[in-house]
Structures are given as structure tokens and as C-alpha cells.
Amino acid sequence: MDTKEKLIELKERTGYNWREFAAYFGIPYRTMQDWYLGNRKMPDYLLRLMFYKLETEKSTDRKVEEEYGK
């Protein structure tokens with residue numbers, strides 16, 4: 001699985017749309033768009049950091065977010 005596919009998988013796990021997903025990580029939407037459309041390659045280390053952030057904040061489950069007011 002390449003970086004683009006992993007990014008799409010991560011986004012789908014969150015339940016966010018692309019704009020919400022980009023805003024959550026503080027990444028410009030156009031940059032995120034270039035990554036998921038395959039126009040630019042996303043740095044591998046950044047994808048690992050994104051997975052880590054979601055894992056540590058338990059943001060992959062919207063129910064957790066709603067319960068804790070995130």
C-alpha cells in the first residue's frame with residue numbers, strides 16, 4: 001500500500017470530509033488535495049505522525065469525540 005492509499009484509509013477511519021481532515025491536522029486543504037489526488041507525494045514521516053496523533057487522541061472514533069466534546 002502506498003502513501004496515498006494510506007492517507008485515504010486514515011481519512012476514512014476518522015469520518016471527516018477532506019476539508020475537516022485537513023483542518024484537524026492544520027494542513028492547507030490544497031496541499032491535502034494534491035496528496036490524495038496523487039499530484040504530489042506526501043512525506044512518509046508526516047503520515048506516521050498523523051497516525052500517531054489520531055491514535056493518541058483517539059480521534060478515529062467520532063463517538064469518542066462527541067462524548068468528550070472534542
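All values below were derived from every heavy atom in this structure, side-chain atoms included, with hydrogens, water molecules and symmetry-related copies excluded. Since this is a predicted model, take the numbers as computed values, not measurements.
Side-chain contact between Ile8 and Glu12 is present, with at least one heavy-atom pair separated by less than 4.5 Å. For the pair Gln33 and Trp18, the minimum side-chain heavy-atom distance is 4.5 Å or more. Side-chain atoms of Glu5 and Asp2, non-hydrogen and from C-beta on, do get closer than 4.5 Å to each other.
The structure places CG of Leu47 at 6.5 Å from CG of Leu7, a figure rounded to the nearest 0.5 Å. Within the model, atoms NZ of Lys4 and CZ of Arg40 stand 14.5 Å from one another, a figure rounded to the nearest 0.5 Å. Here Glu20 contributes atom CD and Lys11 contributes atom NZ; the two are 9.0 Å apart, rounded to the nearest 0.5 Å.
Under the side-chain contact (heavy atoms from CB on, under 4.5 Å) criterion, Glu9 pairs with Met1, Arg13, sequence neighbours left out. Among residues two or more places apart in sequence or in another chain, the side-chain contact (heavy atoms from CB on, under 4.5 Å) test is passed with Tyr52 by Thr56. Under the salt bridge (charged side-chain N to carboxylate O under 4.0 Å, His left out) criterion, Lys6 pairs with no residue, sequence neighbours left out.
Remark: of the listed residues Leu54, Leu46, Leu49, Leu54 is the sole one forming a side-chain contact (heavy atoms from CB on, under 4.5 Å) with Phe25.
The aromatic rings of Tyr24 and Tyr16 sit tilted relative to each other, their planes meeting at an angle between 30° and 60°.
Minimum interatomic distance between Trp35 and Pro43 (heavy atoms only, all atoms of both residues): CZ2-CD, 4.1 Å.
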| request: Could you walk me through whether Met32 and Phe21 pass side chain to side chain contact (heavy atoms under 4.5 Å, CB included), step by step? | output: CA-CA 9 Å; Met32 188 72 69; Phe21 188 70; 3.8 Å; yes

| Ile27 vs Met50, side chain to side chain contact (heavy atoms under 4.5 Å, CB included): CA-CA, chis, key distance, verdict | CA-CA 11 Å; Ile27 297 170; Met50 291 168 74; 4.3 Å; yes

